[in-house]
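This report refers to the structure that appears directly beneath it.
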2 protein chains.
Amino acid sequence: MKRINTTHFAILGLLRIKPMSAYELVKFSKESIGLFWNESYGHIHKSIKQLEAEGSVSVVEEAETGRRKIVYGITGQGCDQLDAWLAQKPEESVMRNELLMKIFVSEERHIPQLVAFLEEELEASRQYAAILAGIKGSVPGGESKQAQLWLLTLDYGERYLRMTIEWCQHALETLNQPHRGRTND
Amino acid sequence: MKRINTTHFAILGLLRIKPMSAYELVKFSKESIGLFWNESYGHIHKSIKQLEAEGSVSVVEEAETGRRKIVYGITGQGCDQLDAWLAQKPEESVMRNELLMKIFVSEERHIPQLVAFLEEELEASRQYAAILAGIKGSVPGGESKQAQLWLLTLDYGERYLRMTIEWCQHALETLNQPHRGRTND
DNA sequence: CGTAGCATGTAAGTTGTTACATGATTCG
DNA sequence: CGAATCATGTAACAACTTACATGCTACG
């Protein structure tokens with residue numbers, strides 16, 4: 001069975017929201033779904049070209065003068081493909097969390113390092129959470145169903161970060177306990 | 001800058017816990033860190049061979065008679081490599097969640113499908129959470145620091161699943177509201 | 001005028017998955 | 001005996017990342 005390229009569908013999906021250039025696509029995807037969907041520029045670029053050759057996206061607007069800019073839009077065919085993909089049961093989510101991996105394979109002597117990493121993770125998560133809180137107010141569409149869907153993904157991000165923050169705090173408390181709670185205080 | 005193969009270090013880390021065959025390695029990794037660390041058998045297999053050629057792991061035990069079985073262990077060199085990797089700041093975690101992606105790019109007409117997917121996700125998360133709860137009791141090592149680290153990763157899993165379950169419930173409530181709360185009840 | 005950000009593009013390489021082939025053992 | 005699980009292995013290929021090259025524009 002041929003594996004399906006999920007990046008293709010991600011691009012199709014984002015272009016259905018609004019036509020964009022490759023560069024804008026990367027930026028938009030980072031800002032909107034970056035927390036739970038990773039893509040690299042090189043791959044997006046290649047995929048757009050493939051999708052264009054296939055007739056699933058097309059050039060909507062091209063600035064020849066001055067700064068180059070090629071805006072792509074989704075075609076009717078692309079829309080159909082996207083809908084067919086949306087109807088399929090989503091694959092199990094894939095995750096690669098190095099911090100967790102490191103914790104799992106660490107030994108007692110590595111704990112001071114882990115504590116430093118956990119502190120960084122905690123700080124980074126707090127910052128990210130602050131950014132998301134800012135975005136929340138600016139979601140367009142008001143009460144539309146569409147806006148509801150976006151808010152749902154944003155809400156996931158908030159919950160995910162809150163969970164991460166709480167877990168980091170718990171981990172730091174656990175690892176900072178000198179021995180086993182039976183200290184002489 | 002040469003990209004570093006994180007799979008290599010994952011294997012090294014797991015083999016430091018105990019020597020294992022490739023098959024056992026895959027099983028063990030799925031059962032212990034599978035929630036936040038994905039690997040495929042083919043890749044693990046190839047990586048073990050590379051690590052062996054490199055001298056970072058070695059064959060500890062080989063059953064020639066009857067059922068084949070090749071048990072690998074970490075070498076001193078492998079241990080040093082692993083420690084050097086552990087000392088490096090972990091990369092940002094990578095995630096690819098198709099369900100979230102689909103929600104983000106869906107339109108109002110796709111909502112019934114999304115509801116079905118969310119129900120499946122909710123059920124799957126509940127089942128996984130039940131499995132983790134079972135594992136929790138059987139973590140060996142009692143009060144050792146080592147056991148504490150494992151419990152921390154297990155705790156992450158539990159929090160992650162709890163978060164997912166709550167979010168699914170919230171999403172289902174939101175999407176099952178007929179219109180906008182101003183229904184005639 | 002230099003730096004940062006906007007913008008497109010490619011080549012080379014690595015990483016990771018799937019599907020398959022093989023065969024032993026255990027258990028109903 | 002047939003199915004499930006244990007167990008190793010490979011080839012083909014798809015997915016993905018990185019580093020680089022290029023050049024415009026705005027701003028301080």
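Just so it is clear: chains get the letters A, B, ... in the order the sequence lines come, proteins before strands, and each one is counted from 1. Every value quoted in this text rests on a predicted model; they were computed, and no experiment measured them.
When the side-chain nitrogen and oxygen atoms of A:S40 are compared with OP1 and OP2 of D:dT18, none of them lie within a distance under 4.0 Å. Contact check, B:R68 against C:dT25: no side-chain N or O comes under 4.0 Å of OP1 or OP2. Note on A:R96: a side-chain N or O is less than 4.0 Å away from OP1 or OP2 of C:dG16. Residue A:T6 places none of its side-chain N or O atoms closer than 4.0 Å to OP1 or OP2 of D:dA15. The phosphate of C:dG9 has OP1 or OP2 within less than 4.0 Å of a side-chain N or O from A:H45. Proximity of B:K69 to the phosphate of C:dA24: no side-chain N or O atom is located under 4.0 Å from OP1 or OP2.
A straight line from NE2 of A:H43 to C1' of D:dC13 spans 14 Å, rounded to a whole angstrom. The distance between atom CD1 of B:I70 and atom P of D:dG9, rounded to the nearest whole Å, is 4 Å. Between A:L25 atom CG and C:dG9 atom C1' the separation is 15 Å, expressed in whole Å. Look at CD1 on B:I4: it is 19 Å from P on D:dC16, rounded to the nearest Å. For the pair A:K49 NZ and C:dG9 P, the interatomic distance rounds to 4 Å; values are reported in whole Å. Summarising the geometry, the separation between CD on A:E24 and C1' on C:dG9 is reported as 16 Å, rounded to the nearest angstrom. One interatomic measurement links the two molecules: CD of B:E98 to C1' of D:dA15, which rounds to 14 Å at whole-angstrom precision. Separating the CG atom of B:N38 from the C1' atom of C:dT15 is a distance of 14 Å, rounded to the nearest angstrom.
Sequence order on DNA chain D of the closest nucleotides to A:Q50 and B:V71 puts B:V71 first from the 5' end. Residues A:Y72 and A:K46 both approach DNA chain C. Their nearest nucleotides, taken by heavy-atom distance, put A:Y72 toward the 5′ side.
Although no hydrogens or angles enter the test, the distance criterion places a donor-acceptor pair under 3.5 Å between the side chain of A:R96 and the main chain of B:N38. With A:W167 contributing its side chain and B:L152 its backbone, the two residues share a donor-acceptor pair below 3.5 Å.
Between B:E54 and B:S56, the side chains place a donor N or O and an acceptor N or O closer than 3.5 Å (distance only, hydrogens not considered). Side chains of A:T7 and A:E39: a donor on one and an acceptor on the other come within 3.5 Å. With no hydrogens or angles considered, no side-chain donor-acceptor pair links A:E173 and A:Q169 at under 3.5 Å.
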### Task
Walk me through it: do A:R16 and B:E107 pass the test salt bridge (charged side-chain N to carboxylate O under 4.0 Å, His left out)?
CA-CA 10 Å; A:R16 179 149 74 183; B:E107 298 176 343; 3.4 Å; yes
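Comparing D:dG9, D:dC16, C:dG9 against the side chain of B:Y41 picks out D:dG9 as the nearest.
By the neighbour-count criterion of 12 heavy atoms within 6.0 Å, atom CD of A:Q77 is densely surrounded, having more than that number from other residues, nucleotides or ligands.
A heavy atom lying under 4.0 Å from DNA chain C marks none of the residues of residues 8-23 of chain B.
Applying the ring-ring contact (aromatic ring centres under 6.0 Å, His included) test to pairs two or more places apart or on separate chains, those with a residue in residues 18-43 of chain A are A:Y41-A:H45.
At a threshold of 4.0 angstrom between heavy atoms, the contacts of B:S47 with the nucleic acid are absent.
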